[in-house]
Number of protein chains: 2
Amino acid sequence: MPGTDEDARIPAGHRRATMADVGRLAGVSATTVSFVLNEKSGQTISEQTRQRVLDAVAALDYRPNRMARGLRTKRTATLGFVTDEIGAEPFAGATIAGAHEVAWAQGSLLIVVSATRDRRILTDVVDDLIDRRVDALIFAVVGTRRIAVPQALKGVPALLLNGYVQGGLLPSVLPDEVAGGRAAAQLVLDAGHTRLAYLTGQASLWPTRARLRGFRDAVVRAGLDPHDQVVLRGNYRADSGYELTRQLLAAGPPPTAVLCGNDRMALGAYLALKEAGLRIPEDVSVVGYDDQVDLAADVHPALSTVRMPYYQMGRWAAQQAVAGTIPTLPTRTYLPCPPVPRASVGPPPPATA
Amino acid sequence: MPGTDEDARIPAGHRRATMADVGRLAGVSATTVSFVLNEKSGQTISEQTRQRVLDAVAALDYRPNRMARGLRTKRTATLGFVTDEIGAEPFAGATIAGAHEVAWAQGSLLIVVSATRDRRILTDVVDDLIDRRVDALIFAVVGTRRIAVPQALKGVPALLLNGYVQGGLLPSVLPDEVAGGRAAAQLVLDAGHTRLAYLTGQASLWPTRARLRGFRDAVVRAGLDPHDQVVLRGNYRADSGYELTRQLLAAGPPPTAVLCGNDRMALGAYLALKEAGLRIPEDVSVVGYDDQVDLAADVHPALSTVRMPYYQMGRWAAQQAVAGTIPTLPTRTYLPCPPVPRASVGPPPPATA
DNA sequence: CTGTTAGCGCCTTCAG
DNA sequence: CTGAAGGCGCTAACAG
């Protein structure tokens, strides 16, 4: 009897075992195999045949074909995650990690698809995902902003992450940037600073305006005159922070604290400040925004900043998606951006003239 | 006749139209619908019925169920992309973008799944993907290194990106780090520098050793004594670059060029150099490695560095996967790391004592 | 040029 | 406690 045992293993790359194969080997029907594999079917299987089936499954290295299963059950245990730009942004990583963990823990697979900003591709990708019958869709955009979503999104439970649509027809999760801006300012206000500079980014971006609003809020609440605080506009790049800081220094006695629209600008500020012989935080305190990985905590001195809740947003989104609660969600849900105090903030220098 | 036309549209969230529905509406069989939809079946359909079918498809907003199709054809037009750590690393973004573009252009969907380094999860995720019958699998790891892959990878055409296995049983695409290290050194050697410092990372990492080897290679080829060049060991973080540079400056007359194991260390070097009142590149030239997005090109002065071929690796991998050429691949394929000269390298200062 | 028949691999009544 | 029958939505022979 040649090959009785050997042939039981899949001949590497050959046809995978099917449920019927398992049944045959165990001497039962495919139905029975299905019952033991799916447990809780309200069915009862004798411990003995159960074991025989399990043995056969192991022997054949059987794994159910999820396409067939999905076809039958109309559930794929799949969450689609579409980004408009997976890019190098740290954004995606944390969000995806959070969403993946929750999804996986609940028995679903998060499949990430990076589209581009190209409307056509975006639409086609969403359609494709729906054709594959994902159970729900998370649509993530990198910079918080209003977006136009593919029509097809209405054909499946969908949720927007970091983006929002006009009519509020799709629920969104967003970072609470206003509170974040306040938190950033509070970091230096609490340390006793009264003369601040704020290096902001493009006014066309929603986060820019929200953070700035938060900043002004905090300044007013602290009893300071917002008009006394200088606001310089840049573009979120490190070199822009560098330039703006140089302008600041050239303009006269520098403020005692420089708040930046993001960590990269803060990095530019660091370079300009050090070049000018100013010490951080003894002479000038600096605050960033984003708590960017490998940057904020690693520069010298470590940068005080505000953290984006990307990981939490990912978790939250996946949670709603697997729980099937998307239809019940409010239009917008804001998650907090907590302050992260580090070494770059200290008390203002004694002589401020 | 109520609702003849209205009811033809899917009642939002209701059952999606099936091929049979389309056939019924068009007055043909499902088979015919299949033929017109899949074109090139060697079949011929009268222009007239063709149009009727197409109209019905449009009217019902019909889209084929890819699970059913996959079940039948045993092809899913899906490439699986598994990472052990999607993290914040710029790595993932570029690689995925490259792979996605190629896959999509060839009619396949790249689905990215972020696993963790946890062996168990990794194995389960790969199994899951195979259960979903992906046509091929790209297994990507973030730091180039030898890895142990899930057994299941043998059940599907698979390819390693940035990682390699012991026996060479799975083909790999890797960055040519040795040549990259050489290129980095060449950047300053060509400018006339002879006294270099190399700030390296952990010796336990393969890229560290490869880059360093390339550096030494270039130094020897340039006719310099490798023992004259100081090599300091750090850990790839910005603060480590900062510390090492301070050590360098404290130890005596600094070298005229500082080569760094990566861009983040170069950033640390920038901070320390500026703090010490040294100008880049007038007093000291600096070279990084990685050409990290939002960093290398944006610091002041712009950092000369070496680019990792992540995008290209992604493209290459997807290319092989969709072309079905994985079985024919050599054990290892190296892609070049080109030098990116910028402002941080200049001629050595006249007086070097 | 078009329709019939027969599954792909699984789950789910409904009978034994 | 277990099996037979039927069908999810699609494609691929094979007939007309």
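Reckoned from all heavy atoms, side chains included, excluding hydrogens, waters and symmetry mates. Lettering of chains follows the sequences in order, A, B, ..., and the numbering in each one begins at 1.
Residue A:Glu47 contributes atom CD, which lies 16 Å from atom C1' of D:dT2 at whole-angstrom precision. Note: CZ (A:Arg63) to P (C:dC10) measures 12 Å, nearest angstrom. Look at CZ on A:Arg75: it is 23 Å from P on C:dG9, rounded to the nearest Å. Atom CZ in B:Arg66 sits roughly 14 Å away from atom C1' in D:dT11 (whole-Å rounding). Atom CG of A:Leu37 is separated from atom C1' of D:dT2 by 16 Å (rounded to the nearest Å). Regarding A:Tyr62, its OH atom lies at a distance of 10 Å from the P atom of C:dG9, rounded to whole Å. Rounded to an integer number of Å, the gap from A:Met67 CE to C:dG7 C1' is 15 Å. Going from atom CG of B:Asn65 over to atom P of D:dG7 covers 18 Å, rounded to whole Å.
An OP1 or OP2 oxygen of D:dT11 is reached within less than 4.0 angstrom by no side-chain nitrogen or oxygen of B:Lys74. For D:dT2, neither phosphate oxygen OP1 nor OP2 lies less than 4.0 angstrom from any side-chain nitrogen or oxygen of A:Thr32. Distances shown here put a side-chain N or O of B:Asn38 below 4.0 Å from the OP1 or OP2 atom of D:dT11.
Interatomic distance, B:Thr144 OG1 to B:Asn162 CG, rounded to the nearest 0.5 Å: 3.5 Å. We find the CD-CD1 distance between A:Gln319 and A:Ile326 to be 11.5 Å, quoted to the nearest 0.5 Å.
For A:Gln106, the CD atom sits in a packed shell: over 12 heavy atoms of surrounding residues, nucleotides or ligands are nearer than 6.0 Å. Sparse packing is recorded around CD of A:Gln166, with 12 or fewer heavy atoms of other residues, nucleotides or ligands lying under 6.0 Å away.
Set against C:dT13, C:dT2, C:dC10, the side chain of B:Ser46 has C:dT2 as its closest nucleotide. When distances are taken from the side chain of B:Met19 to each of C:dT12, D:dG9, D:dT11, the shortest belongs to D:dT11. The side chain of B:Arg72 sits closest to C:dA6 out of C:dC1, D:dT2, C:dA6. Distances from the side chain of A:Thr31 to the nucleotides D:dC10, C:dC11, D:dA4 place D:dA4 closest. Nearest to the side-chain atoms of B:Thr49 among the listed nucleotides D:dT11, C:dC11, C:dT2 stands C:dT2. Of the candidates C:dT12, C:dT4, D:dG9, the closest approach to any side-chain atom of B:Ser29 belongs to C:dT4.
With sequence neighbours left out, the side-chain contact (heavy atoms from CB on, under 4.5 Å) criterion links B:Arg69 to B:Asn38, B:Pro64, B:Thr73.
Put simply, the side chain of A:Asp21 gets close to the backbone of A:Thr18: a donor and an acceptor are under 3.5 Å apart. At distances below 3.5 Å, at least one donor-acceptor pair connects side-chain atoms of A:Thr78 with backbone N or O atoms of A:Thr76.
Electrostatic pairing of A:Arg66 and B:Asp131 does not count as a salt bridge here, judged by no charged N lying under 4.0 Å from a carboxylate O.
Contact annotation: side chain of A:Arg69 to base of C:dC10, donor-acceptor pair absent below 3.5 Å.
In the helix from C:dC1-D:dG16 to C:dG16-D:dC1, the rotation axis of the first five pairs and that of the last five pairs differ in direction by 40°, rounded to 10 degrees.
As judged by a 4.0 angstrom heavy-atom cut-off over every strand, B:Thr18 is placed among residues touching the sugar-phosphate backbone only.
Sequence order on DNA chain C of the closest nucleotides to B:Leu71 and B:Val28 puts B:Val28 first from the 5' end.
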